[in-house]
Amino acid sequence: MSMKLKNSILQAILIFALLCPGCSNAGNVNAGKDSEDIDNKDTSGNTDSTAKRISASDVFSDRDLETGYNENSAAVIKLNGKNASCSSNAVKVSGSKITITDEGTYIISGTLEDGMIVVDADKSDKVQIVLNGVNISNSTSAALYVLKADKVFITTAAKSVNTLSNGGTYKAIDENNIDSVIYSKEDLTLNGEGSLVINAEAGHGIVSKDSLVLASGEYNITAEKHGVSGKDDVSVADGSYKIVSGKDGIHSENADDESLGFVYILDGTFDITAEGDGISGAAFGQIENGSFKIKTGGGCEAAGVKAEQDMGDMHMKEPYNHKPEMGDAHRPGQWGNGTDTPPEAPPEAEENSNNSDSTDTASIKGIKADGDLYLDGGEFYIDSEDDSVHSNSNIIITKGNYKLASGDDGVHAGSDVSISDGTINISKCYEGIEGKTINISGGDISLVSSDDGLNASGGADGSGYGGRGDSFSASDDVYISISGGTIYITASGDGVDSNGNLAISGGQTYVSGPSNSGNGALDYNGEAIISGGIFAASSVSGMTQNFSTSSTQGAMLIMTEAGASGDEISLTGPDGNVLVSWKAGKDYSCVNISCPELAKGETYTLNTGKAVSEITMTDLIYGEGSMTGKGGGKAPGGMGRHRSSPS
């Protein structure tokens with residue numbers, strides 16, 4: 001693709017054809033689940049290999065969601081300190097080791113000291129364990145161990161309080177590497193109407209080496225390593241989860257099969273404090289609803305000073321932890337707190353008392369997927385030391401409310417970021433939204449960044465946190481497309497930065513900053529074509545660019561008297577109507593404005609903090625002086641009439 005495509009072709013490619021990002025193969029999400037447990041299963045046994053998303057019926061069976069049980073037919077196990085009693089022939093008691101050997105329902109109550117519940121049944125058996133006021137500890141292994149079965153359901157009885165714990169070490173009892181308080185070799189489901197406390201002084205909280213479903217109940221998990229881990233998947237239907245972990249809070253890990261290793265969350269309430277990632281899916285992630293409070297590492301304030309290398313802009317970026325000026329280049333109350341002041345970073349969540357080795361904390365992102373990440377709704381409050389929302393592939397946000405504070409990027413994708421709806425408020429970050437491509441067709445976005453606001457750069461990870469190498473060269477397949485939504489950017493680096501092309505066909509984009517001459521409100525390496533919408537920016541004049549002359553909507557780039565943060569800026573049309581207005585969030589010396597009403601030959605009035613200027617649009621793309629762009633050339637129209645007077 002040439003960098004000098006004709007206008008119609010460029011717009012078609014950037015605005016329409018690339019709005020739908022490629023998605024990874026979700027594959028056989030029913031792997032490991034018995035056919036009688038799956039609703040609407042394809043009778044051929046095949047799964048649509050082209051499926052882009054999964055649904056609740058793919059992962060949750062009727063029995064997963066059922067919390068009831070038949071007390072009359074259930075076997076009752078009473079724990080008595082160092083031993084237990086049960087009348088069922090399917091239960092073997094050997095001191096503090098209780099083994100369940102057959103299909104059925106087992107109701108357990110009482111205290112077991114330094115003991116273990118083991119499920120060792122036939123591979124075709126389904127076993128339900130009902131915890132009805134238990135306290136089970138094991139100093140050297142798991143408190144509950146599923147060795148063999150088809151599927152095991154752990155149900156907390158209504159209003160019951162249950163505790164399972166490990167004493168701090170694990171000693172081998174067979175060929176399996178048992179390293180968690182609940183350890184399962186088979187499909188495992190946890191549900192119920194009671195609560196379960198899990199304390200893992202060593203290892204993980206809950207581990208399934210197959211599929212793990214969390215359907216309902218209340219959970220309080222403290223773990224030295226992962227809080228919750230499923231090899232093939234972790235699927236959550238509902239429930240309440242408080243997790244403090246030395247590694248990831250929720251983790252899936254099957255990286256060998258791209259159809260497995262995913263995290264799927266339908267609903268629930270989550271309070272996660274993790275030294276690793278808050279939620280991590282090896283294959284892909286999908287969240288449809290829920291309430292999430294996530295803190296990773298030391299939060300956004302712990303990222304430290306990360307001076308940026310000179311990436312070709314002939315200057316050094318500001319220090320990584322440079323605090324952006326919390327200006328208000330946005331509409332009143334747009335931060336959601338009824339004021340013009342962005343919120344502070346999220347309050348600190350409960351600190352984890354277990355400190356893991358530094359090699360265990362290489363990834364400390366809020367929500368992460370190695371493959372595609374779908375965010376289809378929910379309330380998110382994320383304070384992350386690294387990226388708040390991250391995918392090595394594509395990120396697709398269709399709705400939801402996001403309050404993010406990041407030590408690196410607010411939203412980062414290795415490929416495409418696609419936002420069609422939702423409210424995204426990034427109160428602190430290095431770069432706001434970054435990807436190889438960025439498609440914004442809707443939503444309400446507000447961000448404050450210490451470097452770029454929007455950055456299409458090839459998608460390399462670690463833009464501020466670990467360095468990005470040489471990913472900033474111009475590329476034909478790197479672009480930003482804005483066709484809808486409302487975007488407010490307060491940036492210390494470039495406001496909107498594409499190392500390829502930029503296409504704006506709709507929406508409203510307001511930029512405040514930068515206030516240093518090494519950056520610009522608008523920065524691109526290819527072409528910047530505007531054909532609709534509003535773009536309004538106030539910044540210093542050092543590196544800023546105007547839109548390309550192949551644009552079909554008028555745009556102006558005007559030098560102004562030195563202006564200050566807080567100035568009201570407005571553009572009035574020939575009829576006296578205000579066309580665009582906003583408030584500067586940083587000091588500035590020029591403005592970029594484009595709106596549908598701009599027409600060649602007409603005269604407009606620009607009001608800034610210190611001056612009133614009349615601008616006659618001698619060209620559709622009107623600029624001043626020798627403003628140049630990497631791909632746009634000299635901004636035309638410098639000889640047009642521009643008369644200023646003090647305000």
Side-chain angles (χ1 to χ4, degrees), residues 29-42 54-77 88 90-91 100-109 117 119 121-134 144 146 148-162 164 182 184-198 206 208 210-221 228 230 232-241 250 263-270 286 288-290:
V29 296
N30 294 333
K33 297 183 182 297
D34 191 271
S35 60
E36 72 181 52
D37 289 334
I38 299 299
D39 299 328
N40 304 321
K41 181 180 174 66
D42 182 353
I54 58 177
S55 65
S57 61
D58 292 326
V59 292
F60 302 123
S61 69
D62 289 341
R63 192 166 180 182
D64 287 333
L65 305 177
E66 176 58 57
T67 60
Y69 50 92
N70 190 334
E71 294 188 33
N72 295 326
S73 61
V76 176
I77 302 173
S88 172
V91 178
I100 297 170
T101 63
D102 200 3
E103 182 165 317
T105 299
Y106 301 84
I107 302 174
I108 306 176
S109 62
I117 306 294
V119 177
D122 289 339
K123 286 291 289 184
S124 60
D125 288 348
K126 290 181 173 58
V127 176
Q128 182 177 25
I129 296 174
V130 179
L131 303 180
N132 188 18
V134 305
L144 202 160
V146 177
K148 187 169 62 174
D150 174 50
K151 189 172 185 177
V152 172
F153 303 84
I154 300 175
T155 302
T156 55
K159 299 182 181 180
S160 67
V161 178
N162 308 276
L164 306 177
I182 297 178
S184 177
K185 292 283 292 180
E186 312 290 0
D187 289 342
L188 179 65
T189 293
L190 282 81
N191 60 22
E193 300 177 16
S195 66
L196 177 58
V197 177
I198 294 178
I206 302 171
S208 171
D210 212 321
S211 174
L212 177 60
V213 169
L214 302 165
S216 55
E218 181 179 342
Y219 303 87
N220 191 329
I221 301 170
V228 172
D232 287 350
D233 69 278
V234 177
S235 298
V236 184
D238 206 346
S240 176
Y241 306 87
I250 297 175
V263 172
Y264 172 65
I265 298 176
L266 180 63
D267 208 340
T269 301
F270 303 83
Q286 182 173 327
E288 296 184 10
N289 203 357

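Computed from heavy atoms alone, side chains included, the values below leave out hydrogens, waters and symmetry copies.
A pairwise comparison of heavy atoms in A237 and F60 identifies N-CZ, 3.4 Å as the closest pair. A pairwise comparison of heavy atoms in T155 and G192 identifies CG2-CA, 3.9 Å as the closest pair. Contact record, S211 with D233: OG-OD1, 2.7 Å, taken as the closest heavy-atom pair. Residues Q286 and I54 share a closest heavy-atom pair of NE2-O, 2.9 Å. Annotation for I154 and L188: closest pair CD1-CD1, 3.8 Å, computed over non-hydrogen atoms. When every heavy atom of G133 is checked against every heavy atom of N162, the shortest pair comes out as N-OD1, 2.7 Å.
Atom CG of L196 is separated from atom CD1 of I206 by 6.5 Å, given to the nearest 0.5 angstrom. Atom CD1 of I107 sits about 11.0 Å away from atom CG of L131, to the nearest 0.5 Å. Between the OG atom of S184 and the CG atom of L144 there is a distance of 9.0 Å, given to the nearest 0.5 Å. Taking CD1 from I250 and CD1 from I265, the interatomic distance works out to 5.0 Å, rounded to the nearest 0.5 Å. The NZ atom of K159 lies 10.0 Å from the CD atom of E193; values are rounded to the nearest 0.5 Å.
Contact of the D58 side chain with the Y264 side chain is not registered, since no non-hydrogen atoms from C-beta on lie closer than 4.5 Å. You'll find the side chain of K148 reaches within 4.5 Å of the side chain of K123, heavy atoms only.
A donor and an acceptor atom, one from each side chain of S124 and D122, are nowhere located under 3.5 Å apart. Between the side chains of T105 and Q128, at least one donor N or O lies within less than 3.5 Å of an accepting N or O.
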side-chain hydrogen bond (donor to acceptor under 3.5 Å, both in side chains) between N191 and S216, worked out: CA-CA 4 Å; N191 60 22; S216 55; 5.2 Å; no

Apply side-chain contact (heavy atoms from CB on, under 4.5 Å) to I108 and I129, showing your working. CA-CA 7 Å; I108 306 176; I129 296 174; 3.6 Å; yes

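Ring orientation note: the planes of Y241 and Y219 are close to parallel, at an angle under 30° on the 30°/60° scale.
No side-chain donor-acceptor contact under 3.5 Å links T156 to the backbone of V130. Side-chain atoms of T101 come within 3.5 Å of backbone atoms of A90 as a donor-acceptor pair (strictly under, hydrogens ignored).
Looking at V234, I198, L190, I182 one by one, the single match for side chain to side chain contact (heavy atoms under 4.5 Å, CB included) with V228 turns out to be V234. Tested against K126, the residues D102, D150, D64 include a single salt bridge (Lys or Arg N to Asp or Glu O under 4.0 Å) partner, D150.
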